[in-house]
Amino acid sequence: MRYSGLKVIKEALTGHKGWRPTWRDPEPKKSYDVVIIGGGGHGLATAYYLAKNHGITNVAVIEKGWIGGGNVGRNTTIIRSNYLLDGNEPFYELSLKLWEGLEQDFNYNAMVSQRGILNLVHTDAQRDAARRRGNAMILNGSDAELLDTDGVRAMYPFLNFNNARFPIKGGLLHRRGGTVRHDAVAWGYARGADLRGVDIIQNCEVTGFKIENGKCLGVETTKGFIGANKVASCVAGSSSRVMEKAGMRLPIESHVLQAFVSEGLKPVLDGVITFGAGHFYCSQSDKGGLVFGGDLDMYNSYAQRGNLPVVEDVIEGGMALIPALGRVRMLRSWGGIMDMSMDGSPFIDKTHVDGLYFNGGWCYGGFKATPASGWCYAHLLATDTPHKVATEYRLDRFRKGRMIDEKGQGAQPNLH
Amino acid sequence: MTDTVMNAGMNAGTVAFQADGSTGARKGVQVNRLDGGLIKGSKALNFTFDGKRYKGFEGDTLASALLANGVRLMGRSFKYHRPRGPLTSGSEEPNALVELRSGGRQEPNTRATVAELYDGLEANSQNRWPSLQHDFMAINDRFSNFLTAGFYYKTFMWPAAFWEKLYEPIIRKAAGLGSISFEDDPDAYDKGFLHCDLLVIGAGPTGLMAALTAGRAGAQVIIADEDFLLGGRLNAETFGIGDLTGAAWVEQAQAELASMPNVRVMPRTSIIGAYDHGIYGAVERTADHVLAPEAGKPRQILWRIYSKRAMLAAGATERPIAFENNDRPGVMLAGAVRAYANRWAVTPDQTVAVFTNNDDGHRTAADLIAKGVKVTAVIDTRAEAPKVEGAELFAGAQVIDTKGRLGLEVARLRLANGATRDVPCGALAVSGGWNPNVHLTCHQRGRPAWREDIAAFVPAGDLPQNMSVAGAANGDFSTAAALRAGAEGAVAALSELGIEAKADALPEAEDAPINVTPFWYVKEGKGRAWLDQQNDVTVKDVKLAHQENFRSVEHLKRYTTLGMATDQGKTSNMGGLAIMAELAGKQIPEVGTTMFRPPYTPVSFGVMAGRSVGEEFRPTRKTPSHKWAEEQGAEFVEVGQWLRAQWFPKKGETHWRQSVDREVLQTRNSVGICDVTTLGKIDVQGKDAAAFLNKMYANAFAKLPVGKVRYGLMLREDGIAYDDGTAARFAEDHFVVTTTTANAVLVYRNMEFARQCLFPDMDVQLISTTEAWAQFAVAGPNARKLLQKVVDPEFDISNEAFPFMACGEVTVAGGCRARLFRISFSGELAYEIAVPTRYGDAMIRKLMEAGEEFDAVPYGTEALGVMRIEKGHAAGNELNGTTSALNLGMGRMVSKKKDCIGNTLSEREGMNQENALKLVGFKPVNAAEPVQAGAHLMNADGEVSAATDQGYITSAAYSPVLGCSIGIGFLKSGDSRKGEVIRAVNPLEGKEVQVEVVSAHFVDPEGERLRG
Amino acid sequence: MIINHPILGPRDSQEFTYLGDATLIDRPDWEADDAAGQFHDYLYLRDNPAGEHRELWFHEQGDRSWLVVTRNTVTHEILNVELARDVARARGRSK
Amino acid sequence: MGKFDNHGLKAVSPLGGFEPQVDAFTGLLIREVTDRALASLGARQGSEDAVKSAAASYLGGALPEPASWNANGEFAAWWMGPDLWMISAPHDSHELLAGELKEAVGEAGSVVEQTDGWCRFDMEGSRCFDVLERLCNANIRAGKPGDATRTSMEHLGVFLLCHEAGQKYSIVGPRSSAGSLHHALVAAAQSAI
């Protein structure tokens, strides 16, 4: 079934009887060509592109809970291609280009909205770094503009230009950055994959891998054994827990990142703003809620919830930047488990076990990567060679000294 | 969070409460005002709503005062812009949201049901245009059949560009609820910290009894309630406790609590979240009930409460029944109607009907009848409904529709016999049963359990650490059970702390069982029956979600937006779950619940930020010469938390470059002085001090002579350069090391890690002395001459006696002790001289005075930066966390003969490639062109692209010595490319400059000056 | 969170800085044959358990002790707190 | 005037004045204190007992236990961390406190001058509890004289020394942020009183 405005009108006039399930709920088959562990954004996108780009449709996505329940369902919805390093930026640029045509591609309105991202700078050194980054973005085919204070003021006159502890000296504007309705991404990919024959199996948890003679033959699950030619782990947040079952230790720690939404407001912020002198970034959803976040809670956690000090730290940043928010209320907070990697960059790679593949380590940036992650992971699974924009995302890069460290923080996951 | 008491005995007819004003006079004032209540009828308050003037009384909320004045219409819904009035009388309110106050104090989405009335209150309706009565956007309601759950996911996709250009802007404008003024909030906020043995959350009968029990035992007790009156549901009911009325009992309890110094009673305080290990967040509204806070006083306070034990006594929330057009102003929860009548002496209308599935709803009828309000019908879904006196009872009947424009006029019933009946009523009091307020028990991911006998979720065993639950929050709804649970819960909690408390003889109170027959929605009718009134989620939407396979509760919530409004579904979630369960053929507990998360009720940004706003967002660190620099008219710059002088403009200088050029030239030509106190200083002592520094730094320190300083490069364990500084050896077992300003705290932390965790038996003691010494760089050919005037003559600081890289203790200005270091960042003959910080202000004055004959200049961070770039010294822009010693041209400094942090991993292949980036200098081929930091480097010819990128410029400045702009940066194989002309491209700003690769040491490359 | 400091008793975790897995105490011998491999594993690989985790916290806004805290990463329950220096010595670290 | 104050440099207080600042509220006085010299004393490994006894004889009393401070005549001392104390004495008579202390403990201890690394504000009066609970997380109402708590106030690490519970405290914070700390104290006092 194709979605369209006409279809909506037709259904409205006929009692909405024609809408079908957005995805089926099949029982698992005995085996598949590819079993993807994890029904989050990346897993569903991988299944979609395996089917669409590579014609591989004998695929199962197995999800321990409900699809889209991981970080794709608990993030701050930002998309961007504003990375600095050569190992990263081409990948994120591919991702942004995929976002730009995504809705027409999978026939689902995920509300991709490129209203711009503004990274504020507060010192000369930050401006130098912004210039280097902006140039790297442009050289990689992305877009960037360097604004001075007046340029920022023209966009957002209500920021604190009067008594700021760290005055705004300008900003790096990335106009193609923006936001996407996060849940819809999971549902859109699920629908697209399902229509192409992929089995999405919810409430099915992987309990182990069947590995014989260095070859992965399938997965043990709460719904029984499922055989596979290739098993693709895609469970960011739970990567260590799942891969431990295959005997692997990863260069990853799991951390909690909190995010927040305010009560609904008439338009305040058009685009996304990140505060360069505190831990605060913010956008406004189409429903009117300010969606904002800041820093990690800093300690290892699988609890999907955080603590009060970080809430205060984030909102202190918010008030420092936008004093007019004093009477606005925070409505809800939540927490996601981040796969924090040792250099802040992800992995899309084969493992030492034949037929077992790994995708993870997305830190707090997995959402924007969803299309390219699926695209490149599908490429790797289908061809056994890394996609050209994902050649650096290797598990052995630390052994080789080829870190991709955007923030320059070294092997300290919670600082990335 | 008010405690709820249910199923009181029907002692109707006793008007429990006496107002302090004259009763008879009220009716004339406000059309729906009754007698009695807990308001102060003697004190009339003026307020406006949408510009119209009204009067209410002290003790009113905005909602009760508007209802008293005959105003039911208070808001519009989010999507369909349906007219709405209050559904509740508490913080769970979905409908009656207003913009309170104006200007910088304008507060959108304020629940009229909890906004305390004050004289001069100003409120306006929101999300409507042009007026609340005539809202243009109500046209959405006509098209509701097209605007079903998730319709937007299926359309607005073509043409692709139209989403951002057309559809989305319209949607964004229409969406949202209230608006902000964009003015800065003028009010202050505060934070604080409290400690207690027992935190009691909710001050209804359960909480009050718990606090009394614990307080009498001498425990440290905090009892908090979001309401401005203690008592919870006791204020809304007509029955008594013991011989007293409910209100009198509350007053007595409150008086006793107030007399105990170990008890802190906190009304107007919402517990917003249960955090780890007994920490609770609480927001106290100290000035929301007055026109404006007193000067210097906060509007709200965020308290962090450290509790050893906590008791949740937060009561329960009534839930509605869904039926067609159940959202008209006037359709309210039965308990709320009762609360308005009993507490606020208000009836929403003069004719009221009641619709219930339980006994509790009948009490609303009885209480209203006793107050003289006409009850036109009591509709009970149960065939075996109890009898009603004074109103017509329809047992086994349902409300199937309502009518009325901008407010309820008629309820249409389906009677047990199948007939329909229209009942006139301006208000319909609906009760579908009560849900315990389990929210805080779920903040640490606990999941509630279903209790069949009350058809509701109650807290399960997985409570937050050291929390217990009692009373209605635990599903024990009667007053007697509440009092018992409060007392016994307090005894149990305190006994775990070794405090003995006694559950004294409890007063008598009603103890009736609950009789509820679950009834979630009326199945009859083709129209819409609302579940989530604010977000306009109807029964049909839940059915559509089920049809489209959004069946998990989380999918249901996210697809329909059920429970995502400002009330977080407090009155709507249960209904949605029950309907989903029915459609899926499951039991309610199988469907589960969504996760309750903090905050319990929405919290202002202002209070979460507290005093950390504006210039006080973070502390400011000032250098010892700050005051003097201010006197000189210096420009200041933020360097971390420090404020440093950036440059010192002189009269006639109109551009900062003039000042900076002058400062550089004057320093290089004569002498300049700069406050360098901000560099971190760590005092390292102990027998193993040298061995310790050998571990910390890549280069060796063991053989550094006493009285000498050495440059040190510090690596991270991954081999990347981390920080640099100097180490001065004052004795065999005593060093003072410096760090960069930015890394002072981190280096000190890492050293402690090494000392305690890696080398625990080394004899090393560390302490920061950054702030203890005011340190000034004195640089330039005349530096020594200047210092010789300041350093006391008994100290020989000649080149022979005090050569480059010497250090020692001296006195200055006739006996003030000081430390002198002969080190140079500028490349000139230079010293750093340190005196105890209290003398720093005098010292800068002394130095400037002594320098007068040399035309000494103070220089700021800009000139400092120019001179270090001229010398090719790495700073923060070069030590950017991705560069190694090899990149910095200091590869040979990394000793291979010893173990140090980072040397092993610095040898990995990826960090030692042939074409590795190397730090070099750049000069423009055309001296008039600027070199810019952040430009990327490209070969002289060929494509400009990421693939051909050769490196980047890290730092750049105009060099007044060379008369052109210069830069340093990292270039692939840079050290072997000197003399090559390449391009520095800056497409970001549309610039491209031809630069020559040169040594990074632009000035005095041999270092003759600094040794002179 | 509250960390029960072995010397100072219960303290708000906000006073602490978190580092990570307590195995960071076990810095390898630089002269070992496979020092490069050992340092790689030491610095980069983690068990990252969902459950009990021994981890390093620094009482930076307090007495500047490094602590080894045993904490459940799923429930955040803290089971044990030790001075890291004692742990380091017990694990054979010296100079 | 101390013996070393006769040089040509005039001292300023952490807040930048020549005289200590005083702020008065109903039931509370906040005083800047500038007349104390400070030196840290760390025990060398293996010399913990030696340093304690040497210090005790110099100070005229034992070094304080963890989380405590004490006074002995003109001296005061507080515990900073394991085997680390801060010693305080009148500035007029002990500007060279670090040197004197080092002489007293010899090789057993590491001594570092700390006098001007810190600023100190004394808070006195009946409203101390009400103000301090707006500033720091220390459980002050359960505190007793002699408590020395390292805590933070408005993002600044400070030592809080209790002289008399609810009546008198010293707050010792980083000198360069004296203005911010002072602002926090005064704002809290205005807010709470």
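Order of the sequence lines sets the chain letters (A, B, ...), proteins ahead of strands, with each chain counted from 1.
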Taking side chain as everything from C-beta outward and backbone as N, CA, C, O, which of these in [X] sits under 4.5 Å from a heavy atom of chain A? Side chain, backbone, both or neither.
X: Glu183(B); value: backbone
X: Ser612(B); value: both
X: Ser906(B); value: neither
X: Lys191(B); value: side chain
X: Tyr152(B); value: both
X: Glu862(B); value: side chain
X: Ala565(B); value: backbone
X: Ile180(B); value: side chain
X: Arg299(B); value: side chain
X: Ala174(B); value: backbone
X: Asn535(B); value: side chain
X: Gln106(B); value: backbone
X: Gln641(B); value: both
X: Gln646(B); value: side chain

Heavy atoms only, distances under 4.5 angstrom: which of [options] has the most pairs with chain B? Name it, please.
options: Ala186(A), Pro267(A), Ala277(A), Gly408(A); answer: Gly408(A)
options: Ala324(A), Gly278(A), Gly288(A); answer: Ala324(A)
options: Leu13(A), Leu85(A), Asp343(A), Ile67(A); answer: Ile67(A)
options: Met111(A), Glu145(A), Glu103(A), Gln409(A); answer: Met111(A)
options: Ala411(A), Gly73(A), Ala184(A); answer: Gly73(A)
options: Thr22(A), Asn135(A), Asp128(A); answer: Asn135(A)

Top of [options] for chain A proximity - count of heavy-atom pairs under 4.5 angstrom:
options: Phe596(B), Phe156(B), Tyr167(B); value: Phe156(B)
options: Glu909(B), His546(B), Gln932(B), Glu168(B); value: Glu168(B)
options: Thr620(B), Val637(B), Asn877(B), Thr882(B); value: Thr620(B)
options: Leu97(B), Asp718(B), Thr148(B); value: Thr148(B)
options: Phe143(B), Tyr559(B), Phe151(B); value: Tyr559(B)
options: Thr948(B), Leu544(B), Ile720(B), Val613(B); value: Leu544(B)

* Asked: Do other residues, nucleotides or ligands put more than 12 heavy atoms under 6.0 Å from the CZ atom of Arg20(A)?
  ->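 Open: at most 12 neighbouring heavy atoms sit under 6.0 Å from CZ of Arg20(A).
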* Neighbour count >12 (heavy atoms, 6.0 Å) for atom CZ, Arg402(A) ->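 No, because the 6.0 Å sphere around CZ of Arg402(A) holds 12 heavy atoms or fewer from other groups.
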* Distance from Lys287(A) atom NZ to Ile171(B) atom CD1, nearest 0.5 Å? -> 12.5 Å
* Going through the checks in order, is the ring-ring contact (aromatic ring centres under 6.0 Å, His included) test met by Phe292(A) and Phe605(B)? -> CA-CA 12 Å; Phe292(A) 59 101; Phe605(B) 272 51; 5.0 Å; yes
* Asked: With a cut-off of under 6.0 Å to the ring centre and 45° to the axis, is Arg191(A) in cation-pi contact with Tyr3(A)?
  -> yes
* **Arg716(B) to Tyr722(B) six-membered ring, cation-pi geometry met (6.0 Å, 45°)** =>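 Negative - Arg716(B) is either too far from the ring of Tyr722(B) or too far off its axis.
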* Interchain contact, Asp313(A) with chain B, by part (heavy-atom threshold 4.5 Å) -> both
* Asked: In terms of heavy-atom proximity below 4.5 Å to chain B, should Ile138(A) be classed as side chain, backbone, both, or neither?
  -> side chain
* According to the interplanar angle, ranging from 0 to 90°, do the rings of Phe275(A) and Phe617(B) count as parallel (below 30°), tilted (30 to 60°) or perpendicular (above 60°)? -> tilted
* Asked: Parallel under 30°, tilted from 30 to 60°, perpendicular over 60°: which one fits the rings of Tyr108(A) and Tyr153(B)?
  -> parallel
* For Arg611(B) and Tyr189(B), does a side-chain donor sit closer than 3.5 Å to a side-chain acceptor? ->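 Side chains of Arg611(B) and Tyr189(B): no pair found under 3.5 Å.
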* **Residues that Asp270(A) engages under side chain to side chain donor-acceptor pair (under 3.5 Å), provided they are two or more places apart** => none
* Asked: Can any side-chain N or O of Asn140(A) pair as donor or acceptor with the backbone N or O of Ala946(B) at less than 3.5 Å?
  ->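 No, because the side chain of Asn140(A) does not come within donor-acceptor range (under 3.5 Å) of the backbone of Ala946(B).
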* Under the 3.5 angstrom rule, does the side chain of Ser4(A) hit a backbone N or O of Lys7(A) as a donor-acceptor pair? ->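 Yes, Ser4(A) side chain to Lys7(A) backbone: donor-acceptor pair under 3.5 Å.
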* **Phe260(A) ring center near Trp334(A) ring center (under 6.0 Å)** =>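 Centroid separation for Phe260(A) and Trp334(A): 6.0 Å or greater.
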